[in-house]
2 protein chains.
Amino acid sequence: MANKEITIKDVAKLAECSPTTVSRVINNSDHPVSQDTAEKVQAAIEKLNFSPNRIAQGLKSDKSNIIGVIVHDICDSYFAQMVKGIEEFISGHEYIVNIYNTSRSVEKELHAVNMLKANRADAIVFAGGALMDKEYEQKMYTIIEQLKSQNTVLLGVTPHPFEIKNINLGNQKAAAMITEYLIEQGHQKIAFVDGPQNLYTSYLRRKGLKESLNKYNLNLNDELIFSGDFSFEGGRKAALELLKKIDEITAVLAANDATALGLIWELNNQGIKVPEDISVVGIDDLPEAKYSYPPLTTVSLPIYQLGTNIGKYLLKSLTNDQSSDLESVEMKLIKRKSVKKII
Amino acid sequence: MANKEITIKDVAKLAECSPTTVSRVINNSDHPVSQDTAEKVQAAIEKLNFSPNRIAQGLKSDKSNIIGVIVHDICDSYFAQMVKGIEEFISGHEYIVNIYNTSRSVEKELHAVNMLKANRADAIVFAGGALMDKEYEQKMYTIIEQLKSQNTVLLGVTPHPFEIKNINLGNQKAAAMITEYLIEQGHQKIAFVDGPQNLYTSYLRRKGLKESLNKYNLNLNDELIFSGDFSFEGGRKAALELLKKIDEITAVLAANDATALGLIWELNNQGIKVPEDISVVGIDDLPEAKYSYPPLTTVSLPIYQLGTNIGKYLLKSLTNDQSSDLESVEMKLIKRKSVKKII
DNA sequence: TAATTAATGGAAAACATTTTCCTAAATAAG
DNA sequence: CTTATTTAGGAAAATGTTTTCCATTAATTA
């Protein structure tokens, strides 16, 4: 920045008044200022193309206007939509959304949290730290310790209660919902293609499946849990494994839609017909889900809307003193063509 | 922030020295400070869990450490990858990446630019403003005027030279590349499914097609340009239109992969075989592209890598005085199964 | 008319840093 | 032994705002 910054003083000089007065018209304060001078100040501001230095304002007010958003993978449709929702609301209200992509590395998560701390972020949305793993959890404590002192909302991060607002993302409920649908359609031999190892989200979805099964006196056979990683590729590989036990299975729940899509693709590729030979369902309702062969039956999590709600919630708790609650979003069973009713 | 902030003064008091000295060890300045006191200061910092207030630092140094990234749609795989690339590099170097999702609205673009200005962003990546539209361009001037004074890189934004670093994203070249491939395979009657109306990117891809055609004394028949919007849905609709002239067409270039995927889907749906009845190609090489029926022939733009390169470039020009050039990335023709060799 | 009160404005302190300048001691050079 | 130089440290100014306090004038009330 070679060129000198234009400050409130320059405006004051041009408008023939004090910086104090300029500040007053900028923030239209309670302290009265005459119509006349106000106009002069406005004119000066326009003429100089002045905009108050947020950094200086921040120093004075002890606010950074930064909202940190920490996610695993911004290219994952799930997080992308969420970030978009948050941004929509936050940027419109003069806040900065500062994203971090952690690729599920604790080190990066810690780094993000430290940066956010150094920058005195006003609030943090933390969608990371979801590994149920001893070593990882140890490190998480350091992170949480930092987060505690801040205005933070955790996104279904961990089973441990941390005295931090932890939003239930409805993972378990979604899995339960679609499982019950499967059972209603007569399926009893249901397989599961898991998400990433030790990821809390995977755990919850698996749990939703298991408990629904139990409710109907059915069991989730451990032999019928196939590993996956939330990706299309992972779904394909799982399909190959699953093929070996195809006779023991009438339906399969994939931990997410990407996996389900991969499953369907490879199943087709191997000459297995969906849903005639096997039913496949997912969770998320990706935009692509309706264009698979056959269109995927799944449950929609309105993540974008959750994002805007989080934005709203954060903003309220930053401006108002008493924080209202986060508006919840409704998930929905999306029946398409990948499930066959049996018997 | 009810709880009082820990400042350099607190550290100084605990370490029994002056704030000046603390500052010196924090920034390990040239000014010497004895081993002994340095250690005391470090100890105090640890004990108080102190991290210097970036806002105050920013005020003093006239740096915000903010890098603004303005994109059309963060959920679009193209931009998501780009943002991820930028973040990867930038966050690792103590910079904040501040994203804006504009949904192609000039008003939002202007808002973003104004916020970035108010926050004294150190650099801006502007991937917006790409509409070739009179009214729009008028407003763009206001935006550009603001951007000019900042360290900005434009991402293939507009045909007009604005004295701002404007990166050629290779849109035209990509289109040319795949067109030539089509011609090599014997295709002469090539249709085009356009991108969003007036979008510069669409224009460039169309131009790449047109000029390659001309090179071989072929013409792009205006009747064979179908409208689209870069989406799967758009591709589907275009397929329906395209069907009416199927006899005049042997191949179709979609403005992007999403469109091509939609095309293929609907073509299949209508009983038209790809590539037997018609060849389809796209541009971008989305992850999904290899899983369509048939797998899509396309050209890959390594957007993620472009992102990291932009990060690198920005960082260099912020730290070093003389700015080195942006490393370019290489696009590649990805031959899969959606093109048939004819004659 | 005198005494309040309201309207308008400014000076200076404060926010958490860094930087410039200064001082004092210790060491090196003459 | 005197004079430079190096080493180590601090006081205070500066960054661009906002806020607290004070001052002046005008308007209202007693």
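So that the names make sense, note that chain A is the first sequence line, chain B the second, and so on, each numbered from 1. Not measured: the values here are computed from a predicted model.
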With DNA chain D as reference, determine whether His31(A) or Thr21(B) sits nearer its 5' end, using the nearest nucleotide of each.
Thr21(B)
So which one's nearest nucleotide on DNA chain D is more toward 5', Cys17(B) or Lys60(A)?
Cys17(B)
Reckon [X] has a side-chain N or O less than 4.0 Å from the OP1 or OP2 of [N]?
X        : N       : value
Thr7(B)  : dA16(C) : no
Ser61(B) : dT17(C) : no
Gln57(B) : dA16(C) : no

Measure [atom1]/[X] against [atom2]/[N] and give the value in whole Å, please.
X        : N       : atom1 : atom2 : answer
Asn27(B) : dT17(C) : CG    : C1'   : 9 Å
Ile55(A) : dT18(C) : CD1   : P     : 14 Å
Glu16(A) : dG9(C)  : CD    : P     : 12 Å
Leu59(A) : dA16(C) : CG    : C1'   : 5 Å

Contact class for [X] vs. all strands (heavy atom < 4.0 Å): base, sugar-phosphate, or nothing?
X        : value
Thr37(A) : sugar-phosphate
Pro32(A) : base
Arg24(A) : base
Thr20(A) : base

Need two values: the first and the last nucleotide of DNA chain D, 5' to 3', having an atom under 4.0 Å from any heavy-atom of chain A.
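On DNA chain D, the outermost contacted nucleotides are dG16(D) to dC21(D).
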OG of Ser328(A) to CG of Asn309(A): how many Å apart, nearest 0.5 Å?
8.0 Å
Going by atom types alone, do Glu39(A) and Gln35(A) pair a side-chain donor with an acceptor below 3.5 Å?
yes
Could you walk me through whether Ile167(B) and Leu154(B) satisfy the side-chain contact (heavy atoms from CB on, under 4.5 Å) test, starting with their C-alpha distance in whole Å, then the side-chain angles of each, then the deciding distance to 0.1 Å, before giving a yes or no?
CA-CA 6 Å; Ile167(B) 295 175; Leu154(B) 264 29; over 6 Å; no
Test item: Val125(B) and Ile70(B) side chains (from C-beta on) under 4.5 Å apart, heavy atoms
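They are not in side-chain contact.
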